[in-house]
Student: 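Shown below is the structure under consideration.
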Amino acid sequence: QVQLVESGGGSVQAGGSLRLACAASRYGCMGWFRQVPGKEREGVATIRLDGTTTYSDSVKGRFTISKDNAKNTLYLQMNSLTPEDTAMYYCAARIYAYPCTIWIERGAWPDWGQGTQVTVSS
């Protein structure tokens, strides 16, 4: 199991932006998830090695997942943030490029980061 390292979380007012980063070596599929206390961890976005992405309906059009293969870094650009986006955000990775969607069961993601907190105030 490989430990991934997230960065970029913080506090921002509603309507603001944040960019999360996750340092990781090359994987077939990588994703961002989030969790609030008392709720299930939910998929936010995934990106496959070929650049194919999926997004949850709640973030589509506001968040963008991307990779910089030269820097071995995964990003999540979050714009138009709302208080409902407040959560601990985790990056995850798997060797296999297929399947690669936010609906893959949690157990299929072997590698996780420690999480970075995002807090959006109204």
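Every heavy atom of this structure was used, including side-chain atoms; hydrogens, water molecules and symmetry mates were not.
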Student: Any side-chain heavy atom of Tyr55 within less than 4.5 Å of one from Ile47?
Tutor: no
Student: Would you name the heavy atoms of Asp111 and Tyr27 that are closest together and state the gap between them?
Tutor: OD2-OH, 3.0 Å
Student: Would you say the side chain of Thr119 lies within less than 4.5 Å of the side chain of Val12, judging by non-hydrogen atoms?
Tutor: no
Student: Is it the case that the side chains of Asn79 and Ser17 hold a donor-acceptor pair, with the cut-off being a distance below 3.5 Å and no angle test?
Tutor: yes
Student: Look up atom CD in Gln117 and atom OG1 in Thr86, then write down how far apart they are to the nearest 0.5 Å.
Tutor: 7.0 Å
Student: Between the side chains of Thr101 and Thr46, does any donor sit under 3.5 Å from an acceptor?
Tutor: no
Student: What heavy-atom pair brings Tyr90 and Gly113 nearest, and what distance separates the two atoms?
Tutor: CD2-O, 3.6 Å
Student: Strictly under 6.0 Å, is that where the ring centroids of Trp112 and Phe33 end up?
Tutor: yes
Student: Quick one, Ser66 and Gln77 - any side-chain contact, counting heavy atoms below 4.5 Å?
Tutor: no
Student: Nearest 0.5 Å, what's the CG-CG distance between Leu49 and Asn69?
Tutor: 6.5 Å
Student: Between Leu76 and Thr64, does a side chain to side chain contact (heavy atoms under 4.5 Å, CB included) hold up when you go through it step by step?
Tutor: CA-CA 6 Å; Leu76 184 69; Thr64 303; over 6 Å; no
Student: What's the spacing between Ile104 CD1 and Thr54 OG1 if we round to 0.5 Å?
Tutor: 8.0 Å
Student: Determine, stepwise, if the pair Ile102 / Trp32 fulfils side chain to side chain contact (heavy atoms under 4.5 Å, CB included).
Tutor: CA-CA 8 Å; Ile102 59 170; Trp32 288 99; over 6 Å; no
Student: Which atom names give the shortest non-hydrogen contact between Met30 and Cys22, and what distance separates them?
Tutor: CE-SG, 4.4 Å
Student: Which pair of non-hydrogen atoms, one from Lys67 and one from Leu74, has the smallest distance, and what is that distance?
Tutor: CG-CD1, 3.7 Å
Student: For Arg34 and Ser58, which heavy atoms make the closest approach, and how far apart are they?
Tutor: NH2-OG, 3.3 Å
Student: Can you check whether Cys91's main-chain N or O pairs, donor with acceptor, with Glu6's side chain at less than 3.5 Å?
Tutor: yes
Student: Would you find a donor on one side and an acceptor on the other, under 3.5 Å apart, between the side chain of Arg106 and the backbone of Glu42?
Tutor: no
Student: Spell out, as yes or no, whether a donor-acceptor pair under 3.5 Å connects the side chain of Arg62 to the backbone of Ser80.
Tutor: yes
Student: Are any side-chain N or O atoms of Arg48 and backbone N or O atoms of Thr53, one a donor and one an acceptor, separated by less than 3.5 Å?
Tutor: no
Student: Identify the heavy atoms of Leu20 and Met78 that sit nearest to each other, and give their distance.
Tutor: CG-CE, 3.8 Å
